[in-house]
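Step one of this worksheet: look at the structure below.
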Amino acid sequence: MFQIQTLQPTYLPPPFHHQRHRIHAASRPSSTTLAVPLSTSNKNPSIQSLCKKGQLKQAIYLLTHEENPIQHTYELLIRSCAQQKNLSDAFTVHRHLIDNGFDEDPFLATKLIDMYSELDSIQHARKVFDEITNKTIYVWNAIFRSLSLSGYGEEVLSLYRKMNRIGMPSDRFTYTYALKACVVSESRISLLCHGKEIHAHILRHGYEGHVHVMTTLVDMYAKFGCVENASFVFSSMPVKNLVSWSAMIACFSKNGRPFEALELFREMMLESGDMLPNSVTMVSVLQACAAVSALEQGKLIHGYILRNGLDNILPVMSALVTMYARCGDLDLGRNVFNQMEKRDIVSWNSLISSYGIHGLGSEALAVFQEMVQQGMSPSPISFVSVLGACSHSGLVDEGKLIFDSMVKEHGIHPTVEHYACMVDLLGRANRLDEAAKLIADMRDEPGPKVWGALLGSCRIHCNVELAERASRRLFELEPRNAGNYVLLADIYAEAKMWDEVKRVKKLLEARGLQKVSGCSWIEVRRKIYSLKSTDELNPQIEQIHALLVNLSKEMMEKGYVPQTKVVLYDLDAEEKQRIVLGHSEKLAVAFGLINCSKGETIRITKNLRLCEDCHSFTKFISKFANREILVRDINRFHHFKDGECSCRDYW
DNA sequence: ATAGGGTTAG
């Protein structure tokens, strides 16, 4: 897997004109240095100044005429080669250094390792490391750093074990690099157990108070999704700084726990007045606001960003665009995008997917075209965004054209994720056979995302046969994802195959899994209220239920028919009606009607896909109560107005 | 003697 290559002969520098004796730097007679004091002091500054000016070739020319190059000269040249990204010059300097007896200089070895690493030539870095006998801790750490940056996590860990075996003590840097190595590995096996082992070493050697080491540890657990471990380490830290807090906030944000991210941010602002959040902190906080649709909180953060001059930082601005769009305010997101002085691919992708989740497929396509016209090369994520947008708006032919253009026009090979988008696009449009054929024709192994997209489409169009095929694969690939079992049970329930429903439910129980319960939430005056169908905590719950019962009665007179096929129990019609009326989204609608002022759009977010009954119920309400209602489900937005929904019943 | 580290957008 990891191979060390020797120097490529084509890159080898030509032989030197003046072959010199190999003299060890330390054993060089001092008289030699004294004999040419002028030449040394004249030439060294000039090599130095040439390096500074970026005139590497001239500097190397001077080097070949240099009588007594010193360590510092090589240091400057090495740095210059790295900056100029010039590998063949790097070889020249390296060779020269060896010929002058500096090949056992550990200081220069670390510099060489760093240089080769920056030149994307990890094999040569490794060769320097292997060949130096005097491996100081700096040399070890340098190769760890380089290997980690190139993604060779396992190689780092194997060297780390070797280092421990030979009794070379680690220092604080070793620990941070070794921890990083656990999360950068390209192989699919989890190196979490190694991370835990290093955690133990850190404690054993008394680094539990070291803020850098401990923050890296928090981040290591965060990257593995071990939120509890990360949180435990974080709270055990005697000293925390802004980076530690930011790492923990990012941990909550990235692992689907946005409320805790926001809570920790609040705590940070309260506890430590001297710590001012920076752009990195802001990005994680904005993601959390986006996840929970905390529009008002997001606006406050936006204000902070403007006041503190963070509004020229691209990651912050892209996160703002996404935050506004995901909080339901596409226009504010567009404004932020328009005001950006510079845009990178991520900014464009943010805008494209913003249009996508609002169901504005043609607009997303237009932005994509505009971006390409401006000379910006689309990234793989651009295609995920634009294909997703096509999917939500049913733009099947447009999506297929884009998919074909990936390789043909942009040289980007579709990944499993892109196939998942296409399966979703075709499947939603009830072209399930085409979707199945696309999967069959895939060169890579279709992963859970692809089969999941197919199963989701089978749910929409109630295709039992294909659903069974998809779920069989899914149960193998991700046996612990409860959502797949529920989808299959839904499909059986709709087909009234009650025995099969029972069988799937038993399977779910046998594996110790639970259906994710529906939850909806709504922001009222900067506070977020979440509602669950089983929730008796809301003080207004009786008022809410009463309102819903009345509304449904009145609406049924006007033609609303409860869609009870989503209920997974074989119950009588009335019981089923009672169950669907308790869905969390309807509770949130009622809560919004009670607590939001007239004319204000009611904005609701929920953790699952909108069920058909809630969809038709909310359409009715929007007309009946003359209210605009904006609902974000797990996939997209539904904008209800005058009895219609922006998704045109295609979701 | 010298040198090096942790959090970030779709």
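In what follows, every chain begins at residue 1, and chains take the letters A, B, ... in the order their sequences are listed. Predicted model, so just to flag it, every value in this text is computed and none were measured.
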Ring-face cation contact, A:Tyr74 with A:Lys111, 6.0 Å cut, 45° max: no
Is the Lys NZ or Arg CZ of A:Arg343 less than 6.0 Å from the centre of A:Phe337's six-membered ring, within 45° of the axis? yes
Using a 5.5 Å cut-off between ring centres and planes within 30 degrees, is A:Phe107 stacked on the base of B:dT2? yes
Return the stacking result for B:dG5 and A:Tyr177: yes when the ring centres lie under 5.5 Å apart and the planes under 30°, no otherwise. no
For [X], answer base if it contacts any base atom (sugar-phosphate contacts may also be present), sugar-phosphate if it contacts only those atoms, and nothing otherwise; contact means non-hydrogen atoms under 4.0 Å.
X: A:Gln287; result: sugar-phosphate
X: A:Lys240; result: nothing
X: A:Ser244; result: base
X: A:Val321; result: nothing
X: A:Val211; result: base
X: A:Asp344; result: base
X: A:Ser246; result: base

For residues A:Ser117 and A:Leu149, report the shortest heavy-atom separation together with the two atoms involved. OG-CD1, 4.2 Å
Tightest non-hydrogen contact, residues A:Ala109 and A:Ile132, listed as CB-CD1, 3.5 Å
Proximal nucleotide (of [options]) relative to the [X] side chain:
X: A:Thr322; options: B:dG5, B:dT8, B:dG10; answer: B:dG10
X: A:Ser379; options: B:dG5, B:dG6, B:dG10; answer: B:dG10
X: A:Ser318; options: B:dT7, B:dA9, B:dA1; answer: B:dA9

Specify the separation, in whole Å, of atom CD of A:Glu208 and atom P of B:dG6. 21 Å
Nearest-Å distance, CD (A:Glu417) to P (B:dG10)? 13 Å
Under the side chain to side chain donor-acceptor pair (under 3.5 Å) test, which residues partner A:Thr176, sequence neighbours left out? none
With a 6.0 Å cut-off (strictly less than), is the heavy-atom count around CD of A:Gln374, excluding the residue itself, greater than 12? yes
With a sphere of 6.0 Å drawn around NZ of A:Lys449, does it hold more than 12 non-hydrogen atoms of other residues, nucleotides or ligands? no
Base B:dG10 paired with A:Ser350 side chain (donor-acceptor, <3.5 Å): no
Where along residues 356-373 of chain A does a heavy atom come under 4.0 Å from DNA chain B, residue by residue in number order? none
